[in-house]
There are 2 protein chains.
Amino acid sequence: MAMQRVSGVRLNEINVPRLFLYHRALTALRDAGVNVVTSEALAEFCANDVTPTQIRKDLSQLGTWGRRGHGYEVSGLLEMLARLLGLDQDWRIAIVGFGYLGHALATFLSYREERFRIAALFDRAPDVVGQRWKDLTVRHVDDLEGALREQGGVDIAVLAVPAKAAQDVADRVVAAGVGAILNFVPVALHLPRRVFARNIDLAGELSILTHHLTGPE
Amino acid sequence: MAMQRVSGVRLNEINVPRLFLYHRALTALRDAGVNVVTSEALAEFCANDVTPTQIRKDLSQLGTWGRRGHGYEVSGLLEMLARLLGLDQDWRIAIVGFGYLGHALATFLSYREERFRIAALFDRAPDVVGQRWKDLTVRHVDDLEGALREQGGVDIAVLAVPAKAAQDVADRVVAAGVGAILNFVPVALHLPRRVFARNIDLAGELSILTHHLTGPE
DNA sequence: AAATGTGAAGAGGTTCACAGCG
DNA sequence: CGCTGTGAACCTCTTCACATTT
């Protein structure tokens, strides 16, 4: 009988991205009509240097989801990972800074129907505030607290504002009760411990590439 | 006498992002008129959980750049890091997929003057091809090889196209001689070993946040 | 027979504690 | 004395090899 664990698993943190890879691969496999998959086949499908052993190790930390001599049932594993990653529920997202990047993220996230709901848009520029996007209107950043309160708050804030505005905006979304931040601004945000943040540093990513291109000289 | 190493340092890979953080912090310090900085002060400035010990360890791998009892000379360290990361030279970048995301990246990169030159733009949509952006014209993806050849090629390709087009585009930029790829498309690209790639997975990043928000249940 | 689950070994990166130098 | 540079201990994640189960 399968051991259905997965309650409050405090994962190794570092392999959460990998679990998401598995989730994506399994989704594709399910849509292709595959019912059972081995760790070897799944690793092949994930490509990016994932090994069968690693998959088994990762999954075994979450309980017993495979059948020896057989493989993993796609649907059950998928459901478990979705619950673990929080992808089985809707999340309300506010995008602060509705320039090209903010716009791109809004479009991208609403396009890929993945339970991420754009719930509020903010900017500071006069010609952007008031703009409509789908059924939303871009509000002024100065109204952030009020606008969020009057519509029930959001779970996640995406920051795509100029560097000098970032800490102020961060403080305010935190005060408004946001639980997590996806930060595209290349500054080190000071946040209370309870707020979880991921930083995406585009210039940093490029410089990793240029470092490699520079090569061994 | 300072040991001026830094030739073909094959770094630990994993700490390249951290070296870039140092570079950014040192740039800010230099602009603020600071000449000398200790590992402790630099760590404070970098925030993000960087420790003084880690900074010293990282830097010592690159030679002797500090003075005991004194600290590190900002300008010398900055110059060394810039050279190491390849930030002391210009890089030509092609953006493939000129939707909101491609547009955002072009704007972002050209705005922050960091030696990244947008050298070519590609798309497939009829209403985007032919569009002008600064002194560039968006070319059709089908002309990719020719367009790149006729203007000397590029060093880095940024992929911001639909998932199903990604592998094809990747194959073609590689054939056109690109040395590195910044990939925003959530697919596992198959690339020759000589091409270095970084993947930025926006949905993946968000799911890390939602995992944390789901918390210990 | 086939493929998972896992203790043990290994590798890699971080932290410690202090020696070394200016 | 102050701060860097660094071997050693430590810790965490990965890989191996094989016992285990269907």
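Quick note on labels: first sequence line is chain A, next is B, and so on, each numbered from 1. As a basis for the values below, the full set of heavy atoms in this structure was taken, side chains included, without hydrogen atoms, waters or symmetry mates.
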B:Q54 has an atom CD; how far is it from atom C1' of C:dG12, in whole Å? 13 Å
Send over the distance from A:I55 CD1 to C:dT4 P, rounded to a whole Å. 9 Å
Checking the side chain of B:T38 only, and the main-chain atoms of B:G71 only, is there a donor and an acceptor separated by less than 3.5 Å? no
Atom-pair distance (CG on B:D58; P on C:dG12), nearest Å: 17 Å
Of all pairs that satisfy salt bridge (Lys or Arg N to Asp or Glu O under 4.0 Å), the ones with a partner from residues 21-47 of chain A, not counting sequence neighbours: A:R24-B:D201
For B:G69 and A:G69, take the nucleotide of DNA chain D holding the closest heavy atom to each; which residue's nucleotide lies nearer the 5' end? B:G69
D:dT14 OP1/OP2 closer than 4.0 Å to side-chain N/O of A:R56: no
Output the rounded distance in Å from CZ (A:R68) to P (D:dT22). 7 Å
Could I get the full list of salt bridge (Lys or Arg N to Asp or Glu O under 4.0 Å) partners for B:E145, not counting sequence neighbours? B:R172
By ring-ring contact (aromatic ring centres under 6.0 Å, His included), B:F184 pairs with (sequence neighbours left out) none
Main-chain N/O of A:G86 paired with B:H211 side-chain donor or acceptor, under 3.5 Å: no
Describe, in one word, how the ring planes of B:F98 and B:W133 are oriented to each other, choosing from parallel (under 30°), tilted (30 to 60°) and perpendicular (over 60°). perpendicular
Evaluate the side-chain contact (heavy atoms from CB on, under 4.5 Å) criterion for residues B:T214 and A:Q89: first the C-alpha distance (whole Å), next the side-chain angles of each, then the deciding distance (0.1 Å), finally the verdict. CA-CA 10 Å; B:T214 305; A:Q89 56 190 289; 4.2 Å; yes
Atom-pair distance (CG on B:D49; P on C:dT14), nearest Å: 12 Å
Whole-Å gap separating C1' (C:dG13) and CG (B:L19): 14 Å
Could you go step by step and tell me if A:V169 and A:V185 meet the side-chain contact (heavy atoms from CB on, under 4.5 Å) rule? CA-CA 11 Å; A:V169 168; A:V185 190; over 6 Å; no
Please tell me whether A:D171 and A:Q167 have a donor and an acceptor in their side chains that are separated by less than 3.5 angstrom. yes
With five pairs defining each end axis, the helix from C:dA1-D:dT22 to C:dG22-D:dC1 comes out bent, to 10°, by 0°
Residues in contact with DNA chain D, drawn from residues 34-43 of chain B - heavy-atom cutoff 4.0 Å: B:T38, B:S39
Do any pairs count as a salt bridge (Lys or Arg N to Asp or Glu O under 4.0 Å) and have a residue in residues 86-105 of chain B, sequence neighbours left out, and if so which ones? B:D90-B:R115, B:D90-B:R117
Would you say A:Y72 reaches C:dG5's phosphate, i.e. side-chain N/O to OP1/OP2 under 4.0 Å? yes
OP1 or OP2 of D:dT14 less than 4.0 angstrom from a side-chain nitrogen or oxygen of A:R18, does that happen here? yes
Which comes earlier along DNA chain C counting from the 5' end, the contact point of A:G71 or that of A:K57, where each point is its nearest nucleotide? A:G71
Measure from the side-chain heavy atoms of A:T53 and tell me the nearest of D:dT6, D:dT15, C:dT14. D:dT15
Report the distance from atom CG of B:L59 to atom P of D:dT4, rounded to the nearest whole Å. 10 Å
Please state whether the phosphate of C:dT14, meaning OP1 or OP2, lies under 4.0 angstrom from any side-chain nitrogen or oxygen of B:T51. no
B:L62 atom CG is separated from D:dG5 atom C1', nearest whole Å, by 13 Å
